[in-house]
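First comes the structure, then the notes that go with it.
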Amino acid sequence: MVNDSLEREISAYVDHLRVERGLSVNTLAAYGRDLDRYASWLRTHDIHSPQAVTGGTLESYATSLRTPADDQPTLAPASIARMLAAVRGLHRFWAIEHVTPDDLARYVTPPKSTRRLPKALSVDEVQRLLAAAGSDGEASTTSSQLCDVALTELLYGTGARISEVVALDVDDLERALSDHTVGLRLIGKGDKERLVPLGSYARAAVEAWLVRGRPALAARAVRATPALLLNERGGRLSRQSAFNRIRAAAHRAGITAEVSPHSLRHSYATHLLDGGADVRVVQELLGHASVTTTQIYTLVTVDHLRDVYREAHPRARDVEP
């Protein structure tokens, strides 16, 4: 990146996001990519300082994202919205810090995107996935299979993000296993801590992994690690490896829909609401900052609620579905 005032002021904003707002490494990396793209576009238009940006500049940049050149790929509305959100935040920060005299963010209108419902697995599909995680057709269960079962049970049993699960250390689980009243401590976005219950199936899977699986893989490590979940070399399991393991288990289970670790988080929330859990309780369990984020899951359960109503209410059976 060229060493100009544009670079310095964008770096200052990213530092603000890291230090003051405590954004995760992955979120910061996404902001960095989006702002690098914006800075490159500005330089191609001979703009090398924040003060040189105008409302018209921002409108042109937004247009370039919505109608890319012939040699550029078309961006999804969600990607455009994310990129423009990064630019809006940047200009709002510059105005607050008096880098620029005005907040030009008002010239950036994010695209309207359709609300996509999260894809949840059925209870039967989850059970098949959990069974497939611990079996690959071999007669005996390997250490890696025990790890896969612990991974899958933790994801579905706690509703945790994959980044939260792979970041767990052995000590985190030993505390949760020793005290049933405390639960499992998870560190979510913005380093926010929350407690989630650890169910009996997840407890059993983690205990089996710690006793019968982890020691064998830990012995392969060049350097000891406190990580709970390990890869074949004895190091901490990565997000990508966890994704691949979940996808492989879904394939063995015969699940045709696209399955990822986040699918289990969606399923956790949906099944809780189907079972009668209050949406604000689910909000706390998921670590959502706003209940509005959680309420999208209530839309997933509308069909289930309609079915329950038709079965339970004496004057509902003739109502059109």
Side-chain angles (χ1 to χ4, degrees), residues 1-116 161-164 166-167 187-193 238-240 243 262 287-290 292-293:
M1 183 181 283
V2 177
N3 186 17
D4 53 16
S5 63
L6 197 62
E7 175 188 353
R8 291 194 303 273
E9 299 301 344
I10 289 178
S11 295
Y13 176 55
V14 175
D15 288 342
H16 163 77
L17 295 177
R18 181 179 65 253
V19 177
E20 299 297 329
R21 292 182 53 187
L23 298 188
S24 69
V25 173
N26 293 320
T27 303
L28 285 171
Y31 268 95
R33 289 191 296 270
D34 292 341
L35 294 176
D36 281 347
R37 178 176 183 142
Y38 178 51
S40 296
W41 185 91
L42 290 175
R43 291 193 185 94
T44 62
H45 291 75
D46 202 28
I47 297 172
H48 299 276
S49 71
Q51 296 78 16
V53 180
T54 67
T57 305
L58 285 174
E59 290 174 341
S60 296
Y61 178 65
T63 300
S64 74
L65 295 178
R66 297 186 181 103
T67 56
D70 292 338
D71 60 340
Q72 296 293 321
T74 301
L75 297 171
S79 297
I80 297 173
R82 189 198 69 236
M83 293 176 183
L84 293 181
V87 172
R88 284 170 60 88
L90 174 68
H91 282 280
R92 192 172 294 114
F93 174 77
W94 282 348
I96 293 172
E97 295 296 312
H98 304 293
V99 175
T100 56
D102 193 15
D103 179 8
L104 300 179
R106 66 180 184 275
Y107 292 99
V108 183
T109 303
K112 294 182 179 179
S113 57
T114 57
R115 197 177 198 186
R116 292 190 305 166
R161 302 175 179 91
I162 185 57
S163 57
E164 296 169 347
V166 297
I187 306 299
K189 293 183 177 179
D191 288 333
K192 293 180 180 178
E193 183 180 284
S238 68
R239 293 174 59 190
Q240 186 58 49
F243 177 91
H262 220 64
H288 285 160
S290 169
T292 303
T293 308

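On a predicted model such as this, the values are computed, not experimentally measured, just so you know. Sequence positions, counted from 1, serve as the residue numbers for this chain.
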Original post:
Any side-chain heavy atom of V53 sitting closer than 4.5 Å to one from T100?
Top reply: no
Original post:
With a 4.5 Å heavy-atom cut-off, do L75 and R82 have their side chains touching?
Top reply: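 In short, these two side chains do not touch, never coming nearer than 4.5 Å.
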Subject >> Presence of salt bridge, R33 and D36, under 4.0 angstrom >> reply: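 No, D36 and R33 are not salt-bridged.
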Indicate the atoms forming the closest heavy-atom contact of [X] with [Y], along with that distance.
X	Y	result
A105	R88	O-NH1, 3.1 Å
H48	S5	O-OG, 3.2 Å
S238	V166	O-CG1, 4.1 Å

Using 0.5 Å steps for rounding, measure from the [atom1] atom of [X] to the [atom2] atom of [Y].
X	Y	atom1	atom2	result
T54	I47	OG1	CD1	6.5 Å
L90	L84	CG	CG	12.0 Å
H288	K192	NE2	NZ	11.5 Å
R21	Y31	CZ	OH	5.0 Å
I80	D34	CD1	CG	11.5 Å
I187	R161	CD1	CZ	11.5 Å

Original post:
Just by distance, do the side chain of R239 and the backbone of S163 share a donor-acceptor pair under 3.5 Å?
Top reply: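 Not confirmed, R239 side chain does not pair with S163 backbone.
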**OP:** Go through the steps for Q51 and W94 under the test side-chain contact (heavy atoms from CB on, under 4.5 Å), then give the verdict.
**Re:** CA-CA 10 Å; Q51 296 78 16; W94 282 348; over 6 Å; no
Original post:
Angle class for the Y38/H91 ring planes (parallel below 30°, perpendicular above 60°, tilted otherwise)?
Top reply: perpendicular
**OP:** Could you go through the side-chain contact (heavy atoms from CB on, under 4.5 Å) check for W41 and T57 one step at a time?
**Re:** CA-CA 10 Å; W41 185 91; T57 305; 3.7 Å; yes
